[in-house]
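Everything below concerns the one structure shown next.
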Amino acid sequence: MTKFIDLTLNGVSTGAIYAAVALALVLIWRATRIINFAQGAMLMITTYIASAVINSTGSYWFGFVVALLSGLILGAVIERVLIRRVESAPPLNAVIVALGLYTLLVAVAGMIWGNTPRSFPAAFSIRGYDIGGTRVLFAPNDSFIVLVVIAVALGLALLFRATGLGLQMRAAAFQPEVARLLGVRVGRMFTLGWALAAMAGALAGVLVAPSIFLGPNDFDPILIIGFVAAVVGGLDSPPGAVIGGVGLGLGLSYVSGYEGSALVPLAALVILVFVLMVRPSGLFSSTQGRRV
Amino acid sequence: MRRLGGSAALRRSTLLRSLGLVAAGAVVLALVSEGLGAYDNLELATGAYYFAVLAGLTVLVGVSGQISLGHGGLMAVGAYTVVLLIGNEQWALVPALAAAVVVTSLVGIPVGAAASRLRGPYLAGATLAFAVGLPALADKFPATFGGENGLTINPPTPPSFLGASFELERWEAWIACAGALIVLFVLYNLLHSGFGRALRAVRDDEIAASLCGLRVGRAQTLAFILSAGCAGLGGGLLAVVLQLATPGAFPLELSLTLLTGVVLGGLGSLAGAIWGAAVLVLLPSWTNDLAHSFSLSANVENNLPFAIYGLVLIGAMLVWPSGIQGGVRELGGRLRRLRAHRVAER
Amino acid sequence: MLVVEELTTDYGAVRAVDHVSLEVGAGSITAVLGANGAGKTSLLRTITGLVPATAGRVRIDGENITAMAVEEIVRRGVAHVPEGRGVIVELTVEENLRLGGLWRRAEAARPKEIYALFPRLEERQSQPASRLSGGERQMLSIGRALVARPRVLLLDEPSLGLAPVLVAQIMALVRRLADTLGLAVLLVEQNARSALSIANRGIVLDLGRVVADQEPEALASDERLRHAYLGF
Ligand SMILES: Nc1ncnc2c1ncn2[C@@H]1O[C@H](COP(=O)(O)OP(=O)(O)O)[C@@H](O)[C@H]1O
Ligand SMILES: [Mg+2]
């Protein structure tokens with residue numbers, strides 16, 4: 001029973017991180033109909049930047065803020081400089097550009113910081129809480145992770161639902177041409193979508209980095225599971241991304257705890273196939289899947 | 001206009017043309033491999049099995065309009081089939097390769113049926129999870145699949161009539177090229193048949209195609225099975241060339257690389273698959289050579305090839321959105337127009 | 001108000017709009033008629049900058065807007081209700097309306113003012129627009145265009161797919177908008193008879209060219225034009 005509780009708690013905290021990654025992918029999908037395969041590399045870069053700032057200033061929080069800001073800038077620049085040029089090309093071209101960007105960023109990180117993984121500090125203690133004499137697998141830092149991701153998800157929900165800017169972003173995503181006719185500066189909305197997405201990704205990066213090591217390739221598994229979470233939740237739906245992320249975090253935590261971590265990728269596949277067979281466009285997507 | 005001609009005659013002429021292509025290809029490849037050393041023959045073999053996979057993938061992506069990030073996983077199925085049959089059951093090479101095609105096609109049936117229900121990114125996600133999840137099976141059943149270290153087989157022996165001094169690498173290149181030519185022959189004929197037209201119709205407008213009585217889901221499933229079979233053959237050839245099958249030989253990057261190959265080569269055409277295979281073989285070694293020709297710190301030198309590779313991918317997509325074959329075709333069209341212009345001026 | 005001079009649009013080798021000139025003054029309605037494929041939609045799309053013009057000019061109050069971006073043209077007071085209405089079905093009725101006036105900030109019309117014109121929309125304000133009927137979508141689409149208080153209104157086949165009663169209502173409304181708000185209206189229609197009934201001027205397009213540019217009464221009584229292009 002304690003094992004079950006431990007696995008549940010652990011699943012919630014890793015699920016929150018998957019949710020942040022999934023949010024990053026969903027925001028970009030909604031804005032520009034592109035699966036951003038470079039997201040893993042982008043958040044790796046911002047985490048390295050945070051690490052450098054933390055090392056030179058000694059302040060975790062300074063590094064944390066710099067990571068988010070650099071994500072914001074990196075996302076905007078990439079959309080402006082690269083993605084805009086392939087938006088009107090066949091959709092696969094954008095996929096290849098994203099893959100090229102991934103390779104380039106990983107290589108650049110290797111050139112600057114080397115390929116040997118390094119450790120990354122946590123914001124708070126990673127010693128599990130003591131509850132009634134037993135130590136559970138949930139630490140103050142996990143509380144921090146969960147709370148920050150909830151805050152970001154709520155902030156995004158507020159932006160999309162309650163502000164004119166969010167309304168314009170949604171309109172630009174659903175029907176760019178009509179949005180332009182209504183005076184929405186669609187290009188800016190796309191850039192903003194990429195910037196916010198990269199910021200959510202940067203957040204996931206600094207949150208997960210303490211529990212893995214920080215190396216050019218070390219974020220790939222998280223990105224893949226985040227992608228599965230986004231697909232399961234429905235790529236159009238930010239709430240779906242959060243639910244998909246936490247759900248997958250829980251499911252994979254049980255699999256890894258009871259069956260061994262080697263089976264985690266296979267379990268992700270099974271969950272994904274099962275969900276897609278029942279709902280071909282994810283659990284919470286508003287758009288219809290194909291019917292023929 | 002073509003449909004007005006007798007369809008039997010048309011079929012015969014397609015068949016003849018494809019046989020001619022294959023014969024010409026065989027002669028050229030044999031001559032080329034004659035002139036190559038061991039290392040280059042291995043590269044030729046690599047290009048040939050890449051071509052087998054890319055040709056199938058380009059039918060799936062470029063002609064039927066689906067996407068797959070999981071073809072590396074299908075290659076793994078073919079490779080393990082070949083290694084198990086040759087290593088454990090002492091099968092001969094050709095039947096083992098044929099079995100790899102059959103087994104991979106069988107695996108392709110449920111995957112393709114599932115895929116035909118999914119759209120772009122959802123399909124991408126499902127096939128991606130396939131590519132990532134499948135190698136885990138090898139770890140789960142180490143007794144059968146040899147776990148992390150995989151399984152090995154003995155190298156194929158060149159037949160004695162080729163002479164005692166016939167190199168192993170050249171023989172491997174021949175085997176892989178034979179497989180590639182078979183794929184070329186089959187796909188060329190299929191793409192010029194009613195099936196090819198049906199696939200294109202489905203890609204261009206699913207609803208219109210289904211209104212015309214085409215069974216969209218079935219056509220797409222068939223395309224998936226076909227491309228799975230090609231990937232199985234490619235994976236089997238890979239196993240023969242490398243004499244092993246390990247989970248590490250089929251990482252997610254392989255699947256992504258394959259997709260890169262078809263797009264860079266030019267989607268939807270077999271010629272594009274040839275360009276794509278050439279790019280996949282040559283680009284990494286060129287970037288490597290280029291990177292090592294400067295004297296740089298270790299970190300930079302080790303990562304420079306990847307940086308160049310990434311830049312080439314991005315640059316190619318910005319400059320040639322329709323891939324190499326698209327660029328070649330455009331160039332050809334421009335030359336033809338130029339010539340027509342000259343003729344008209346006279 | 002709106003002046004179009006020798007406007008020309010090509011899609012590759014296809015010329016969709018061929019040296020079209022027209023003028024619409026404040027408070028007046030110009031009907032653009034013609035068969036399917038005559039180039040009516042292309043004309044409107046070129047005016048709002050969705051498609052680049054090959055040649056010619058578009059002017060609003062004397063200012064040349066031809067090469068401007070869509071967003072800028074909209075900010076000069078041009079509202080375009082596109083073919084097929086362009087309602088964003090993923091948003092609610094109210095969100096669609098608000099969207100129309102965001103760039104205007106405080107000067108935008110309140111949804112209330114639009115609901116006064118179309119009471120049906122008020123009943124459905126918080127429903128997703130996907131639930132609306134064809135007529136209601138047309139009302140929403142016109143209402144959304146009015147939120148930004150435009151000076152020029154471009155309407156692309158507002159009567160398409162609507163019952164005759166609704167068509168008459170929409171036409172009456174368009175006339176009233178032109179009269180009360182001083183809007184310059186360019187009304188594209190295949191339903192020539194109802195469009196001419198409210199127009200101050202009628203233009204007939206064929207293969208992208210203006211083949212007639214007359215008073216509505218003169219157009220409606222020209223047997224040859226009616227048979228060849230107007231279908232009544
Ligand atoms: N995006 C496009 N690309 C190429 N040709 C087009 C495009 N849109 C319209 N056309 C062509 O331009 C001509 C005019 O079309 P359109 O403006 O839609 O006419 P209308 O609105 O009067 O029916 C037609 O021949 C049509 O086929
Ligand atoms: Mg039209």
Side-chain angles (χ1 to χ4, degrees), chain A residues 29 33-35 37 82 85-86 88-115 216 220-221 224-225 227-228 230-232 234-235 260 262-273 276-277 280-282 285 289-290 292, chain B residues 61-62 67 69 111 114 116-126 128-137 139-140 206-207 209-210 215-217 252 256-257 259-260 262-264 267 296-318 321-322:
Chain A
W29 173 257
R33 303 276 134 186
I34 287 168
I35 299 288
F37 285 104
L82 289 182
R85 290 165 210 266
V86 283
S88 52
L92 264 184
N93 289 32
V95 171
I96 305 297
V97 166
L99 289 177
L101 185 63
Y102 165 87
T103 316
L104 178 65
L105 291 178
V106 167
V108 167
M111 288 180 187
I112 304 176
W113 293 294
N115 290 52
D220 298 355
I224 291 168
I225 295 180
F227 179 42
V228 171
V231 169
V232 164
L235 274 167
L263 272 192
V264 163
L266 204 61
L269 168 66
V270 171
I271 294 173
L272 181 75
V273 168
L276 288 185
M277 286 305 104
S281 44
S285 181
R290 84 167 54 179
V292 268
Chain B
V61 180
I67 185 176
L69 302 183
V111 182
S116 71
R117 282 170 46 93
L118 301 175
R119 274 181 193 289
Y122 296 97
L123 184 53
L128 175 101
F130 178 77
V132 177
L134 202 68
L137 276 181
D139 285 334
K140 185 66 184 169
E206 251 177 55
I207 295 169
S210 68
R215 283 154 72 184
V216 170
L252 177 62
L256 301 180
T257 303
L259 198 65
T260 305
V262 287
V263 176
L264 275 188
L267 267 184
L296 298 161
S297 77
N299 273 346
V300 174
E301 181 165 332
N302 293 337
N303 287 293
L304 193 57
F306 298 104
I308 298 174
Y309 187 75
L311 281 175
V312 169
L313 289 191
I314 296 171
M317 283 298 99
L318 298 187
S322 53

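Chain naming here is simple, since letters A, B, ... match the order of the sequence lines and numbering starts at 1 in each. Values in this document were obtained by computation on a predicted structure and should not be read as measured data.
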Counting N and O atoms only, with roles assigned by atom type, does the side chain of [X] sit under 3.5 Å from a partner on the main chain of [Y], one being a donor and the other an acceptor?
| X | Y | value |
| --- | --- | --- |
| B:R117 | A:P280 | no |
| B:Y122 | A:S281 | yes |
| A:N93 | B:P321 | yes |

So, taking the atom named CG in B:L118 and the one named CE in A:M277, what distance separates them when rounded to the nearest 0.5 Å? 5.0 Å

Steps toward side-chain contact (heavy atoms from CB on, under 4.5 Å) verdict (A:L105, B:F306): CA-CA 9 Å; A:L105 291 178; B:F306 298 104; over 6 Å; no

Taking every heavy-atom pair that is under 4.5 Å apart, which of B:P305, B:G310, B:G315, B:A126 has the most such pairs with chain A? B:G310

Looking only at B:L304, B:L311, B:N299, the option with the highest number of non-hydrogen pairs under 4.5 Å against chain A is B:N299

Kindly list each side-chain donor-acceptor pair under 3.5 angstrom involving residues 265-272 of chain A, sequence neighbours excluded, with atom names and distances?
none

Only pairs of heavy atoms separated by less than 4.5 Å count here; which of A:L235, A:L82, A:L263 has the most with chain B? A:L235

Heavy-atom pairs under 4.5 Å with chain B are the metric here; pick the option from A:I112, A:N115, A:I34, A:V228 that has the most. A:N115

Against chain B, label [X] side chain, backbone, both or neither, depending on which of its atoms sit under 4.5 Å from a heavy atom there.
| X | answer |
| --- | --- |
| A:I35 | side chain |
| A:V108 | neither |
| A:V273 | neither |
| A:Y102 | neither |

Give me the atom names and distance for the closest heavy-atom approach of A:V97 to B:M317. CG2-CB, 3.5 Å

Check A:A107 against B:A307 and note the closest heavy-atom contact, atom names and distance. CB-N, 3.4 Å

Using heavy-atom distances under 4.5 Å, tell me whether [X] contacts chain A through its side chain, its backbone, both, or neither.
| X | value |
| --- | --- |
| B:L264 | neither |
| B:V132 | both |
| B:L259 | both |
| B:L252 | side chain |

Are more than 12 heavy atoms from other residues, nucleotides or ligands located less than 6.0 Å from atom CZ of B:F130? yes

Just one of B:T260, B:L256, B:V262 clears the side-chain contact (heavy atoms from CB on, under 4.5 Å) bar with A:I96, so which one? B:T260

